[in-house]
Amino acid sequence: MSDPFPRTDGWLHAEAVPLARIAEKVGTPVYVYSATALAERYDALEAAFEGVGHLIAYSIKSNANLAVVHDLVERGAGVDVTSRGELFRALRAGADPAKIVYSGVGKRDDEIAAALEAGIKLFNVESRAELRRIDAVAGETGLEAPVAFRVNPDVDPETHPYISTGLRTSKFGIPIQEAVGAYAEAKALAHVRVVGVDCHIGSQLTKLRPFGDALARVADLVRELRDAGHAIEVIDVGGGLGVVYDEERPPSMREYAAVVGDAVGGLNCEIILEPGRSITANAGVFVTRVLYEKENEDKHFVVVDGAMNDLIRPALYQSFQRIEPVGPPRSELRTVDVVGPVCESGDFLAKQRRLPALERGDLLAVRSAGAYGFTMASNYNGRPRCAEVLVRGGHWAVVREPESLDDLVRGESIPGDLVG
Ligand code: LLP
């Protein structure tokens with residue numbers, strides 16, 4: 001896969017469009033996505049699973065922009081949602097409800113009802129208490145809920161603790177040893193129909209072994225459940241395939257597919273995949289402009305107009321994302337911290353980074369920002385959320401306008417009298 005953000009004549013581009021032109025027209029900060037890169041990554045995953053009955057349910061939490069989701073849906077993707085808002089977005093983007101799966105530990109009654117009424121493919125159930133609620137809501141709406149339990153195989157995904165979900169001590173799923181009892185309970189309920197087993201152990205996995213170990217346990221469970229008389233037709237293997245931010249060497253999509261195939265391919269089930277980051281992360285950049293440079297003691301700071309409210313990953317996970325000047329690099333490299341205007345010391349995009357000299361007004365591009373960038377943005381410090389742009393070849397469009405100051409106070413009021 002060629003770099004969707006090449007440097008041509010010294011200037012960084014999104015496909016064939018200069019990032020500087022987008023920044024000029026739309027303002028900064030701004031997220032820029034490559035439609036070609038999104039399609040290539042989606043198609044590569046499709047190709048890796050060719051010959052295996054499967055559904056790619058794109059994990060919308062990684063990048064929920066309607067244009068992005070629409071492009072993937074047009075290529076045949078389903079969607080993995082985790083809230084009523086994500087369900088709404090998926091449907092708005094044109095997703096087929098019969099390809100939507102719903103995961104998440106805290107589904108509310110109204111969310112369950114909305115998903116039932118939409119006619120989704122699968123509820124990934126995270127506790128027995130939730131199973132009973134789904135059964136009750138399905139009974140009230142006169143619909144039957146297709147369910148899989150999310151089982152927790154107690155495998156260490158060897159990733160950041162905040163994005164590890166498959167350990168025994170995590171809040172997700174049910175312990176795999178308790179699954180047989182939980183499925184027996186499900187079978188006895190009138191308004192749920194058991195169709196499968198689900199498992200997602202974490203995100204940004206760069207090794208294959210945790211996937212293989214977890215799915216081997218899932219395969220054993222599927223055999224056990226079938227012996228107990230359950231019709232298991234689908235196995236949802238979750239998402240989690242890692243990407244290159246820096247020096248990581250994540251498995252290729254083909255290597256990943258081989259491990260999934262070895263573990264669960266022979267069970268005559270439809271395989272559901274829930275990839276997020278592996279499709280979107282490296283299809284996006286975050287572009288920000290230099291405001292000031294300053295030295296405090298022996299530290300050199302580059303203050304930019306993008307902040308932790310726009311891109312929280314560095315602050316929240318101490319994650320590394322490459323940063324480079326959009327224009328031709330000026331000569332010498334210095335060690336700097338790239339920080340935003342938010343009033344927190346945790347507000348940084350990069351620490352101790354080697355960057356060439358910069359001047360006020362220069363643009364910087366933060367790489368690998370297509371996943372968990374805009375979707376995690378907030379209005380903290382009274383900062384409107386920025387624009388999103390989609391590029392295809394030499395063409396581009398604003399796919400989300402920047403928020404206005406009025407957007408910041410929408411729905412708020414100063415009451416005359418308090419009631420009650
Ligand atoms: N399925 C389920 C049930 C999930 O919880 C997740 C991610 C995915 C699929 C997609 O995983 P992916 O393919 O993107 O690894 N904000 C963090 C990542 C949180 C992941 C949450 N769950 C970050 O910026 O690194």
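Counting convention: from 1, in listed order, for ligands and their atoms alike. For reference, positions follow the sequence shown, starting with 1. Please read these numbers as outputs of a predicted model, since none were measured by experiment.
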Starting from [atom], what is the nearest protein heavy atom, named by residue and atom, and what distance separates them?
atom: atom 20 (C) of ligand 1; value: Tyr372 OH, 3.6 Å
atom: atom 19 (C) of ligand 1; value: Ile163 CG2, 3.5 Å
atom: atom 16 (N) of ligand 1; value: Tyr317 OH, 2.7 Å
atom: atom 15 (O) of ligand 1; value: Ser203 OG, 2.4 Å
atom: atom 24 (O) of ligand 1; value: Arg313 NE, 2.6 Å
atom: atom 10 (C) of ligand 1; value: Ser59 OG, 3.4 Å

### Query
Does ligand 1 have an atom under 4.0 Å from some heavy atom of Gly240?
yes

### Message
Does ligand 1 come near enough to Leu241 that some N or O of the ligand is less than 3.5 Å from an N or O of the residue?
### Response
no

### Task
Could you tell me if the ring centre of Phe286 sits under 6.0 Å from that of Tyr31?
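For Phe286 and Tyr31, the ring centres are under 6.0 Å apart.
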
### Task
Working to the nearest 0.5 Å, report the span between CG of Asp310 and CZ of Phe374.
9.0 Å

### Query
Got a sec: does the CG of Asn381 have more than 12 other heavy atoms crowding it under 6.0 Å?
yes

### Query
Counting only heavy atoms not in Glu50, do more than 12 fall under 6.0 Å of its CD?
no

Under 4.0 Å from any heavy atom of [X], which atoms of ligand 1 are there?
X: Gly276; result: 12 (P), 13 (O), 14 (O)
X: Arg277; result: 12 (P), 13 (O), 14 (O), 18 (C), 23 (C), 25 (O)
X: Arg150; result: 3 (C)
X: Pro275; result: 13 (O)

### Nearest-option assignment for atom 4 (C) of ligand 1, heavy atoms, candidates Glu274, Met376, Lys61
Lys61

### Query
Would you say the side chains of Ser368 and Gln321 form a donor-acceptor pair under 3.5 Å?
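Checked: Ser368/Gln321 side chains show no N/O donor-acceptor pair below 3.5 Å.
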
### Message
Determine whether Arg217 and Asp154 satisfy the following criterion, salt bridge (Lys or Arg N to Asp or Glu O under 4.0 Å), listing intermediate values before the conclusion.
### Response
CA-CA 10 Å; Arg217 293 180 193 182; Asp154 194 24; 5.3 Å; no

### Query
Heavy-atom contacts under 4.0 Å between Asp80 and ligand 1: side chain, backbone, both, or neither?
side chain

### Query
Hey, which of Leu267, Val234, Val264, Ile232 is the one that makes side chain to side chain contact (heavy atoms under 4.5 Å, CB included) with Val197?
Ile232

### Query
Do the side chain of Asn124 and the main chain of Tyr102 share a donor and acceptor less than 3.5 angstrom apart?
no

### Query
Taking the six-membered ring of Phe123, is NZ or CZ of Lys107 closer than 6.0 Å to its centre and within 45° of its axis?
no

